[in-house]
Each structure stands twice: as C-alpha cells, then as structure tokens.
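To start, the structure under review is shown below, and the notes come after it.
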Amino acid sequence: MADEVEQQPSTNTVEEPLDLIRLSLDERIYVKMRNDRELRGRLHAYDQHLNMILGDVEETVTTVEIDDETYEELYKSTKRNIPMLFVRGDGVVLVAPPLRVG
Amino acid sequence: MDPVDVQGQSQSSSQSQGEVCSSLRERSISENSLVALLQGMQGHVTTVELRDEGWAQGRLQNVDAFMNLRMRDVLYRGHNMGHTSKLQDLFITGRNIRFVHIPDHMDVLQTIQTQLQRIHRVRTFNREGGGGGRREYCPKKK
C-alpha cells in the first residue's frame, strides 16, 4: 500500500540515523549544505535521500573575499527568505537543531 | 498552434498534469520519495534553482522519478549569464537541481496524497479485470 512518505511504522524508538531526523519533524532545524550554504527552517517532510521540504526558510550564503592589498579574508554572508522550499538531498551535508548563540 | 507544442504532446514520454509514469520502476521510486510532491506540482509555475547558481522559472510540465524536469514558458538565467532568456521548452537533469520553490497556494500534504493515489490507481487498474491482469505484487499466500 502506498503510504505517506512521512508516516513511519508506529515505532518511537530511534533505530537508525534517519530516525533522528524524524524526531525533528515540524521543528525548526539547521541544515548545512554544500557550497557554503546554510538553511534554517521548519522541517515539514524528508525522505531517505534527505530531500526535504522546509517552511519559513532563511538561506545564508557565505563568501570569502580576499583584499588585494592587505590579503585579509573578508567573510560576507547573504541571506534571503523563502516561504516554502523543496531541497534536493544530494546538497545536504548535515541536519541539526538550530544553533544556540553563545 | 505552435508546431513545437503539438510535437511535444504527441511524444509518448510527455504527460499532462496528473498522469503517472508508465514504468513500474519509476512508479516505485516516486512512491517512496518526495519526488511525488514534485510530480504533483506538474502544471504549476515554480522557480527551480540549479546547482550551478542559475535558476529557471516556468511551468512544470513533467517530472520523472529521477527529478528530471521539463518546463514550458521559462525565464532562465544561467550561472554565467548576466541576463535572463525566455525559453519555450527547458529540460533540467535532476542532478542539477538545488532547490524548488513551492508556491504559497499549494497544500503540500494534499498534493503528495493525491499523487500517491494516482499511482495506486494505476497499479490496481489491471486487478479490476477479475484477477486476469498483471499483478505488480505477489499475492499473499493463504
């Protein structure tokens, strides 16, 4: 029977790493992606490839610029907000609860 | 009618909104992953962001199990282009997708469920012929 992808067999035990993500369903999470990107949003759905659906997402892109004269590294980040986003799993590096500042 | 449009519709691989892929393998893949959501979005206008920093905004014509997309009436900006191009037809390989924006008006849960129901209907279509159709799953042993 074609079950909903988010509905797991009714077990509350954590058996495999993906179950840890299941614990974060409907919570805000932090996702680190390839190419120096980070997402913060509410996890609505995920699958075994780590394709995810995130709501109220803030994407942060971090770039490093090198000053021509002083050779200093200048870190810049660009943010934007997207109301509902489908993320393809092969770009995901890690998934975690939102980072606490300090 | 634009001849390109008519040609596209007569191809066996092109599908209108709601049609399920005829390959059993692709149906199984879609059924077990979030690609089903994208398939349910066929017919809607979305923005697809690419791995190489480009983006394409247009109507999703077809999505397969590997997330390969065909889009129509697309505004496309490649990563190294400073300007956007208008394209009538665009094919994007699934691997090159980074994000897909989901329109605000869409109910995610409902879309996934509808798409799964369509897949299920296709699967049980042959069973309705009194058991003479091709079975996609082994019947349970009594």
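The figures here come from the full heavy-atom set of this structure, side chains too, leaving out hydrogens, waters and symmetry mates. Throughout, protein chains are lettered first and strands after them, A, B, ... in sequence-line order, and every chain is numbered starting at 1.
- A/Val87 and A/Val31 fall within a single hydrophobic cluster, where Ile, Leu, Val, Met, Phe, Trp and Tyr are joined by side-chain heavy atoms under 4.5 Å apart, directly or via other members.
- Between atom OG of residue B/Ser33 and atom NE2 of residue A/His49 there is a gap of 5.0 Å, rounded to the nearest 0.5 Å.
- A single hydrophobic cluster is seen to contain both A/Val92 and A/Ile21, as judged by linkage of ILVMFWY side chains at heavy-atom distances under 4.5 Å, directly or through other members.
- Hydrophobic clustering (side-chain heavy atoms under 4.5 Å, transitive across Ile, Leu, Val, Met, Phe, Trp, Tyr) keeps B/Trp55 apart from A/Leu39.
- For A/Asn51 (side chain) and B/Leu34 (main-chain N/O), no donor-acceptor pair under 3.5 Å exists by modelled atom type.
- The hydrophobic cluster containing B/Val63 also contains B/Leu90, counting ILVMFWY residues as joined when their side-chain heavy atoms lie under 4.5 angstrom apart, directly or transitively.
- With a 6.0 Å radius and a threshold of 12 heavy atoms from other residues, nucleotides or ligands, A/Arg28 has its CZ atom above the threshold.
- Inspection of non-hydrogen atoms places B/Ile97, B/Arg98, B/Phe99, B/Val100, B/His101, B/Ile102, B/Asp104 of residues 97-105 of chain B under 4.5 Å from chain A.
- With contacts defined as side-chain heavy-atom distances shorter than 4.5 Å, the pair A/Phe86/B/Met67 qualifies.
- Within the 4.5 angstrom heavy-atom criterion, only side-chain atoms of A/Ile82, from C-beta onward, approach chain B.
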Check against side chain to side chain contact (heavy atoms under 4.5 Å, CB included), A/His44 and B/Val108 | CA-CA 9 Å; A/His44 287 290; B/Val108 169; 5.8 Å; no
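- For the set A/Met52, A/Met33, A/Met84, A/Arg88, the entry with the most heavy-atom pairs within less than 4.5 Å of chain B is A/Arg88.
- Placement of A/Leu43 and A/Leu18 within a single hydrophobic cluster is found when ILVMFWY residues are connected by side-chain heavy-atom separations under 4.5 Å, directly or transitively.
- Only the side chain of B/Glu53 comes within contact range of chain A, judged by heavy atoms closer than 4.5 Å.
- Summarising the local packing, CZ of B/Phe91 is surrounded by more than 12 heavy atoms from other residues, nucleotides or ligands at distances under 6.0 Å.
- For B/Arg25, the CZ atom sits in a loose shell: 12 or fewer heavy atoms of surrounding residues, nucleotides or ligands are nearer than 6.0 Å.
- Taking the salt bridge (charged side-chain N to carboxylate O under 4.0 Å, His left out) definition, one finds that A/Asp56 meets it with nothing, sequence neighbours left out.
- Among B/Leu37, B/Val48, B/Val35, B/Leu38, the residue making the largest number of heavy-atom pairs under 4.5 Å with chain A is B/Leu38.
- Neither the backbone nor the side chain of A/Leu50 comes within less than 4.5 Å of any heavy atom of chain B.
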